[in-house]
Number of protein chains: 2
Amino acid sequence: MKLSTRGKYGLYAMYYLAEHRNEGPQTLQSIASTGVPKQYLEQLLGNLRRAGLVASVRGAQGGYQIAKPPDQTTILEVIDAMEGPLALSECTTDEGSCKHACQCPVRKVWQRLTESINRELAGVTLGDMFEEIDDCEATVNE
Amino acid sequence: MKLSTRGKYGLYAMYYLAEHRNEGPQTLQSIASTGVPKQYLEQLLGNLRRAGLVASVRGAQGGYQIAKPPDQTTILEVIDAMEGPLALSECTTDEGSCKHACQCPVRKVWQRLTESINRELAGVTLGDMFEEIDDCEATVNE
DNA sequence: CGATATCCGATTAAATTTGTCGGGTATGGG
DNA sequence: CCCATACCCGACAAATTTAATCGGATATCG
Ligand code: SF4
Ligand code: SF4
């Protein structure tokens with residue numbers, strides 16, 4: 001089970017914007033400088049904007065800015081914006097998608113897990129990334 | 001973010017086998033009777049078998065049986081067998097996949113979330129499905 | 001032996017993800 | 001006003017992954 005690159009690119013972009021949040025609008029060009037295809041990233045930023053997570057300024061000197069303080073943006077919001085809401089099985093969201101729907105014990109498990117995972121994702125914010133950049137050189141060489 | 005049908009089909013098959021665990025080997029045909037393409041399900045059962053979650057009996061009167069008591073089989077095992085281990089970002093498992101690797105604060109978040117989610121998945125077993133099939137008619141009509 | 005039913009690699013079909021293209025629109029500065 | 005800048009957007013193409021099918025091999029019971 002893997003996340004698509006959207007989630008990764010998206011979160012990384014949010015991290016970049018959080019890092020430079022006091023430096024005015026950041027252009028797509030500069031956000032993409034880490035190796036993400038620029039025009040693809042543009043689509044992704046569009047999703048983040050429509051989700052209200054980033055604000056954009058059009059025209060010359062324009063760019064993107066993070067919309068809220070980092071510690072008020074959860075990873076859940078970012079992932080949901082990029083990959084759509086977590087749906088382990090359709091029946092957890094769309095009631096009528098399966099005849100069994102109600103009696104099905106399997107469904108109970110999917111619902112329970114969906115809630116748990118969403119709670120985990122909602123419990124971490126962008127702000128958490130900036131805490132404790134702790135000891136790294138200790139374990140890595142070169 | 002969605003699970004592929006493999007996860008769903010797989011868990012449903014496990015549920016079926018758990019339900020009929022004292023009735024001898026269950027044929028592919030009967031497991032598939034719920035609407036899963038038979039030959040596709042065959043592949044999936046193969047994965048579950050190789051993961052040690054189901055046992056098979058070949059030849060006439062053969063079929064599949066659950067390998068362990070339901071309360072000793074976690075959802076994590078099933079999902080891992082069907083979809084591969086959870087990897088939100090390659091860098092969480094494969095150290096060298098990204099230059100930043102160590103210093104990167106984003107990576108910390110991925111690791112933290114991966115652990116949390118795995119813990120959730122490991123905390124639910126097939127046995128949990130058979131508890132409390134509780135009040136259903138109460139909330140649903142037709 | 002022969003019916004049954006799992007096993008398995010290869011292939012095809014469908015869907016999704018990833019990336020590209022071309023033009024539109026808003027904005028600041030000269 | 002004009003023009004360079006840079007976001008906006010729908011449509012398209014390529015690549016990858018998922019879903020499903022096919023054909024035959026192998027094991028086992030009666
Ligand atoms: S069989 Fe159960 S878990 Fe599967 S889709 Fe239907 S209600 Fe949901
Ligand atoms: S940038 Fe950070 S999170 Fe992304 S792959 Fe590299 S180490 Fe992992």
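Small disclaimer: the values here were computed from a predicted structure and weren't measured. We use all heavy atoms of the structure for the numbers below, so side chains are in, but hydrogens, waters and symmetry mates are not. Every chain is numbered from 1 and lettered A, B, ... according to where its sequence line falls, protein lines coming before strand lines.
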| salt bridge (charged side-chain N to carboxylate O under 4.0 Å, His left out) between Lys108(A) and Glu131(B), intermediate numbers included | CA-CA 10 Å; Lys108(A) 281 239 162 72; Glu131(B) 297 169 6; over 6 Å; no
| Difference in axis direction between the ends of the helix from dC1(C)-dG30(D) to dG30(C)-dC1(D), five pairs, 10° | 10°
| message | What I'd like to find out is whether the side chain of Lys8(A) reaches to under 4.5 Å of the side chain of Val106(B), using heavy atoms alone. | response | no
| Taking 4.0 angstrom as the limit, do Arg107(B) and Glu90(B) come out as a salt bridge? | no
| task | Please check the phosphate of dC8(D) (OP1 and OP2 only) for any side-chain N or O of Ser56(A) closer than 4.0 Å. | result | yes
| message | I'd like to know if Arg49(A) pairs up with Glu42(A) as an ion pair, taking the criterion as any Lys NZ or Arg NE/NH1/NH2 lying under 4.0 Å from an Asp or Glu carboxylate oxygen. | response | no
| query | How about Leu86(B) and Lys2(A): do any of their side-chain heavy atoms sit closer than 4.5 Å? | reply | no
| Do the side-chain N or O atoms of Arg50(B) get closer than 4.0 angstrom to the phosphate oxygens (OP1, OP2) of dT6(C)? | no
| Could one point to a donor on the side chain of Gln39(B) or the base of dT6(C) with an acceptor on the other under 3.5 Å away? | no
| Do Gln43(A) and dT20(C) have a side chain to base donor-acceptor pair shorter than 3.5 Å? | yes
| task | Kindly indicate whether the side chain of Arg58(A) and the base of dT27(C) share any N or O donor-acceptor pair separated by less than 3.5 Å? | result | no
| query | Can you check whether Thr5(A) has a side-chain N or O nearer than 4.0 Å to OP1 or OP2 of dT18(C)? | reply | yes
| Should the pair Phe130(B) and Tyr15(B) be assigned to parallel (<30°), tilted (30 to 60°) or perpendicular (>60°) ring geometry? | parallel
| field | Nearest listed nucleotide, side chain of Leu28(A), among dC7(D), dT4(C), dA20(D) | value | dC7(D)
| task | Would you indicate, yes or no, if dC7(C) has its OP1 or OP2 atom less than 4.0 angstrom from a side-chain nitrogen or oxygen of Arg49(B)? | result | yes
| If you check the Arg6(A) side chain, which of dC9(D), dT18(C), dG19(C) turns out closest? | dT18(C)
| remark: Gln61(B) has its side chain closest, among dC9(D), dC29(D), dT18(D), to dC29(D)
| Sugar-phosphate, base or nothing in reach of Gly63(A), heavy atoms under 4.0 Å | sugar-phosphate
| request: Compare all side-chain heavy atoms of Tyr64(A) with those of Leu17(A) and state whether any distance is below 4.5 angstrom. | output: yes
| Do the side-chain N or O atoms of Tyr9(A) get closer than 4.0 angstrom to the phosphate oxygens (OP1, OP2) of dG19(C)? | yes
| task | Give Glu42(A) one of three labels, base, sugar-phosphate or nothing, depending on what nucleic acid heavy atoms sit under 4.0 Å from its own. | result | base
| Distance test, side-chain N/O of Thr27(B) to OP1/OP2 of dT4(C), below 4.0 Å | no
| said: Under 4.0 Å from OP1 or OP2 of dC8(D): is there any side-chain N or O of Tyr64(A) that close? | reply: yes
| field | Closest to side chain of Ala60(A), choosing from dC29(D), dT18(D), dA4(D) | value | dA4(D)
